[in-house]
Amino acid sequence: MVNVAILGYGTVGSGVFEVINKNNSHISRRAGDDVNVKYVLDLRDFPGDPVESVLVHDFNVILNDPEVDVVVEVMGGVEPAHTFVRQSLEQGKSVCTSNKEMVAKYGAELLKVAKEHTCNFLYEASVGGGIPIIRPLNQSLTVDHVNEISGILNGTTNYILTKMSEEGLKFEDVLKDAQDRGYAERNPEADVEGYDACRKIAILASMAYEKQVDYEDIYTEGITKITKEDFEYVSQLGASIKLLGKAWKENGNIYAMVAPFVINKDNPLYGVRGVFNAILLNGDMLGDVMFYGKGAGKLATASAVVSDVVDAIKHKGKIIMTFWGSEKRTLGDINDFAMPYFVRVEGAGREAEIEKVLDNVQFISAPADSKVAGTETAFITEAVKGADLEEALKGFTVVSKIRVSQ
Ligand code: HSE
């Protein structure tokens, strides 16, 4: 029998408990051994809940029990999660986690500690919730050099942008509705400012490009400035706006960023609606491959965590090689990278002035019934560096400026 301890009985932790118990014989058969939850750690009590019989309040009970083979960390936050995970690995207990903050910050370190103690540190659920992306990246896509990864990595913001796009609603109104329905957190900053997506693209970039990408180095812009009017313009082009996490290789440099992008209908990410996530990867041999599914939610995320538990059991005494070294990756400056932009400036009829400062612009008129019709000039630029665009638009009042995905 393999004994598992779950750290944290919140949404994901209770999901892991439920998944292991509900699909127990199937999971045990796949793991090649009976899987049993021996402990659940939480500060709270849960009177009447089936977890009561295995609930403990002291992490040392788990750490010092040699019968515990696998620790599932689903507490969230960096500390004490990081310390508990490190101590577990030092005891030779494999750890499976959904904690993206901790993985982004300490992934390389914890993989090294796991290797030193012949156990595994697994984190499938830290990116894309229930979508298998970490294991495919590590174990299936072993042949290709990754040219680019581009993902819708945050369900809350994708839900908000989908509603704004399809129902013509304002950011504030959709956010409030999402909070009332429990999709968005009461403090939505990590989602709407792009910080959550930034942690996730840092993990993917560290794995794809084999060195530690620090999330503090990633240019990150959220969706709070996107307006109903931006959608009115781009929908006329058959396009939409999505928050993308991107990492790519160009001229020997690695770049990474999180920002809203205008994307066209022919982009496979265009059709990713609501709380769904997707990761589009381009390999030098494979070409495009896309991973799509539920990026959050109790059972979907728990399914990914428990798939790691099965993998940890199958690899007991063996190390699953992961090419994420601790050496820091210095990222290229995204301001040196030319991209097309969708721009709105104050004042109608400014086409001639704009053509004087920018080449090859494509002008877009606002729909006649838009409140901004006749008050602005809007256009899409050719690929231009951020600093050059800013310089060119010095004499204009910019209402909105959003990158266009190529
Ligand atoms: N807040 C995250 C999201 C949860 O909205 O995608 C999953 O990481």
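Start at 1 and go down the list; that is how both ligands and their atoms are numbered.
For the pair Lys246 and Phe261, the cation-pi criterion (under 6.0 Å, within 45° of the ring axis) is fulfilled. Judged by the 6.0 Å distance and 45° axis criteria, Arg403 is not positioned over the aromatic ring of Tyr341.
Close placement of the Tyr123 and Trp324 rings is indicated, their centers lying within 6.0 Å of each other.
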Problem set entry | Glu116 vs Lys112, salt bridge (Lys or Arg N to Asp or Glu O under 4.0 Å): CA-CA, chis, key distance, verdict | CA-CA 6 Å; Glu116 285 161 3; Lys112 189 161 171 271; 3.6 Å; yes
Exercise. What do the steps show when you test Lys163 against Asp173 for salt bridge (Lys or Arg N to Asp or Glu O under 4.0 Å), and what is the final call?
Worked result: CA-CA 10 Å; Lys163 282 268 185 190; Asp173 296 341; over 6 Å; no
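For the pairing with Phe342, the ring-ring contact (aromatic ring centres under 6.0 Å, His included) check across Phe231, Tyr233, Phe363 returns one residue only, Tyr233.
Sorted by chain then number, the residues whose non-hydrogen atoms approach ligand 1 to under 4.0 Å are Lys100, Asn154, Gly155, Thr156, Asp191, Asp196, Lys200, Gly295, Ala296.
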